[in-house]
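Residues: numbered from 1 along the sequence shown. Just so it is clear, the model here is predicted, and its values are computed rather than measured.
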Amino acid sequence: MFKIIAKVLLTLMPLLAIACSDESDCPSIKLKTQWGGHPSPEINYRPIPVKYVVIHHTVTPECDTFPTCAELLQNMQDYHTQTLKYDDIGYNFLIASDGTVYEGTGWLIIGAHTYGYNTNGTGIAFIGDYTAKLPSAAALTSAKKLLSCGVKMGNLQQNYELLGGRQAFPTQSPGITLYNEIQQWDHWVPNP
């Protein structure tokens with residue numbers, strides 16, 4: 001029964017987002033079908049709202065146009081599913097340099113971004129390598145809008161906890177420069 005309800009909600013989510021907020025509340029989001037992503041062979045829904053948000057970077061080239069980002073995401077999804085054997089692209093959302101947010105598994109489906117945080121956490125990846133520099137101002141603004149929108153839509157707990165991937169397992173993600181930035185954001189926690 002839960003899967004049927006979740007499928008209906010997943011189908012209605014874009015309409016609910018429009019009905020519940022105006023354009024200034026939420027960033028522009030390109031759905032997986034729009035960027036050419038393949039549907040997952042197995043979908044595992046999670047209860048919402050989730051408690052955690054985990055920030056990553058993709059350590060790929062950056063992108064700032066739809067055709068370039070779509071190709072990059074298709075290749076990333078292929079790598080995640082064929083090489084890493086995930087069911088889908090690992091992240092819930094990915095953010096490009098122009099500020100466009102790309103749907104990965106979205107709000108309702110379990111991702112494969114952070115061991116121990118996949119079911120009760122939303123993985124947001126900035127497209128690029130943010131070891132030595134910050135993402136663009138547009139990308140940072142979109143991330144903050146996405147978080148605010150997630151709370152307003154009921155997908156994130158109002159008191160969600162924000163962390164960098166490096167806080168959950170041995171990795172350099174989200175890059176030291178971006179990691180220092182997110183420590184200044186609301187909801188960042190030093191000890192998740």
Side-chain angles (χ1 to χ4, degrees), residues 10-11 13-14 26-46 52-119 121-143 145-147 149-150 155 163-166 168-179 181-182:
L10 184 61
T11 303
M13 190 59 67
C26 298
S28 171
I29 298 176
K30 294 287 187 189
L31 302 176
K32 190 187 327 183
T33 56
Q34 292 176 298
W35 58 259
H38 304 293
S40 177
E42 183 168 332
I43 296 175
N44 295 300
Y45 296 97
R46 62 185 181 173
Y52 299 101
V53 173
V54 186
I55 303 295
H56 294 278
H57 66 165
T58 60
V59 196
T60 62
E62 294 177 43
C63 64
D64 60 6
T65 65
F66 177 72
T68 304
C69 292
E71 181 179 1
L72 191 146
L73 292 175
Q74 290 166 18
N75 291 335
M76 190 181 309
Q77 186 185 40
D78 288 345
Y79 174 73
H80 285 186
T81 57
Q82 294 171 15
T83 303
L84 300 179
K85 304 298 182 197
Y86 298 165
D87 289 333
D88 202 338
I89 194 166
Y91 307 108
N92 298 94
F93 295 98
L94 300 99
I95 302 176
S97 297
D98 66 353
T100 301
V101 177
Y102 290 86
E103 177 188 51
T105 59
W107 291 114
L108 303 178
I109 299 173
I110 297 171
H113 51 85
T114 313
Y115 182 76
Y117 291 86
N118 292 322
T119 300
T122 295
I124 299 174
F126 287 84
I127 301 171
D129 183 340
Y130 298 103
T131 302
K133 67 176 190 167
L134 281 175
S136 68
L140 294 170
T141 297
S142 288
K145 283 186 171 187
L146 182 65
L147 295 171
C149 185
N155 295 312
L163 59 142
R166 65 179 51 216
F169 66 97
T171 179
Q172 296 300 308
S173 192
I176 191 66
T177 304
L178 179 54
Y179 180 61
E181 168 69 17
I182 67 168

* Could you check Tyr86 against Thr105 for side chain to side chain contact (heavy atoms under 4.5 Å, CB included), going step by step and ending with a plain yes or no? => CA-CA 12 Å; Tyr86 298 165; Thr105 59; over 6 Å; no
* To do: For the pair Ile109 and Asn44, evaluate side chain to side chain contact (heavy atoms under 4.5 Å, CB included) and give the outcome as yes or no after the intermediate values.
  => CA-CA 6 Å; Ile109 299 173; Asn44 295 300; 5.6 Å; no
* Dump the intermediate steps for ring pair (Phe, Tyr, Trp, His ring centres under 6.0 Å) on Tyr52 and Tyr117, then the final yes or no. => CA-CA 7 Å; Tyr52 299 101; Tyr117 291 86; 4.9 Å; yes
* Asked: Passes side chain to side chain contact (heavy atoms under 4.5 Å, CB included), Tyr102 versus Ile95? Steps please.
  -> CA-CA 6 Å; Tyr102 290 86; Ile95 302 176; over 6 Å; no
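In this view, Thr68 and Thr65 satisfy the side-chain hydrogen bond (donor to acceptor under 3.5 Å, both in side chains) rule, not counting sequence neighbours. Partners of Tyr91 according to the ring-ring contact (aromatic ring centres under 6.0 Å, His included) rule, which considers only residues two or more places apart in sequence or in another chain, are His56, His80. Thr141 meets the side-chain hydrogen bond (donor to acceptor under 3.5 Å, both in side chains) test with no other residue; sequence neighbours excluded. Contacts of Thr177 classified as side-chain contact (heavy atoms from CB on, under 4.5 Å), with partners at least two apart in sequence or in another chain: Leu134. Checked against side-chain hydrogen bond (donor to acceptor under 3.5 Å, both in side chains), Ser136 has no partners two or more places apart in sequence or in another chain. Qualifying side-chain contact (heavy atoms from CB on, under 4.5 Å) partners for Asp78, counting only residues two or more places apart in sequence or in other chains: His38, Gln82. By the ring-ring contact (aromatic ring centres under 6.0 Å, His included) test, Tyr179 pairs with no residue at all, sequence neighbours left out. In terms of the ring-ring contact (aromatic ring centres under 6.0 Å, His included) criterion, Phe126 has no residue partners (sequence neighbours excluded). Applying the salt bridge (charged side-chain N to carboxylate O under 4.0 Å, His left out) test to Glu62 and every residue at least two apart in sequence or in another chain returns Lys133. Considering only residues two or more places apart in sequence or on other chains, Asp87 meets the side-chain hydrogen bond (donor to acceptor under 3.5 Å, both in side chains) condition with none of them. When the side-chain contact (heavy atoms from CB on, under 4.5 Å) test is applied to Gln74, the partners found at least two apart in sequence or on another chain are Trp35, Ala70.
Atom-to-atom distance recorded for Tyr130:OH and Leu140:CG is 8.5 Å, nearest 0.5 angstrom. Atoms CD1 and CD1, on Ile124 and Ile55 in that order, are 4.5 Å from each other to the nearest 0.5 Å. In this structure, CD on Gln172 lies 10.0 Å from CG on Asp129, to the nearest 0.5 angstrom. Atom-to-atom distance recorded for Asn75:CG and Thr60:OG1 is 10.0 Å, nearest 0.5 angstrom.
In this structure, a donor-acceptor pair under 3.5 Å is present between the side chains of Thr122 and Arg46.
Nearest approach of Asp64 to Ser97, heavy atoms of both residues: CB-CB, 4.0 Å. The two atoms that bring Thr114 and Ala168 nearest to each other are CG2-CB, 3.4 Å, heavy atoms only. The two residues Gly165 and Pro174 make their nearest non-hydrogen contact at N-CD, 4.0 Å.
With Thr100 contributing its side chain and Ala96 its backbone, the two residues share no donor-acceptor pair below 3.5 Å. Under the 3.5 Å distance criterion, the side-chain polar atoms of Asn92 are matched with a main-chain donor or acceptor of Gly123. In this structure, the side chain of Asn118 engages the main chain of His113 through a donor-acceptor pair within 3.5 Å. No side-chain donor-acceptor contact under 3.5 Å links Thr81 to the backbone of Lys85. At distances below 3.5 Å, not a single donor-acceptor pair connects side-chain atoms of Tyr115 with backbone N or O atoms of Ala112.
Using a 4.5 Å heavy-atom threshold, the side chains of Ile89 and Leu94 count as touching. Here the side chains of Ile127 and Leu73 are in contact, with some heavy-atom distance below 4.5 Å. Within the 4.5 Å cutoff, the side chain of Leu108 has heavy atoms near those of the Asn155 side chain.
Heavy-atom contacts from other residues, nucleotides or ligands closer than 6.0 Å to CZ of Phe169 number more than 12.
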Which atom pairs, one a donor and one an acceptor, fall under 3.5 Å between side chains of residues 26-34 and the rest of the protein, sequence neighbours left out?
from	atom 1	to	atom 2	distance (Å)
Lys32	NZ	Asp88	OD1	3.3
Lys32	NZ	Asp88	OD2	2.3
Gln34	OE1	Leu31	N	2.6

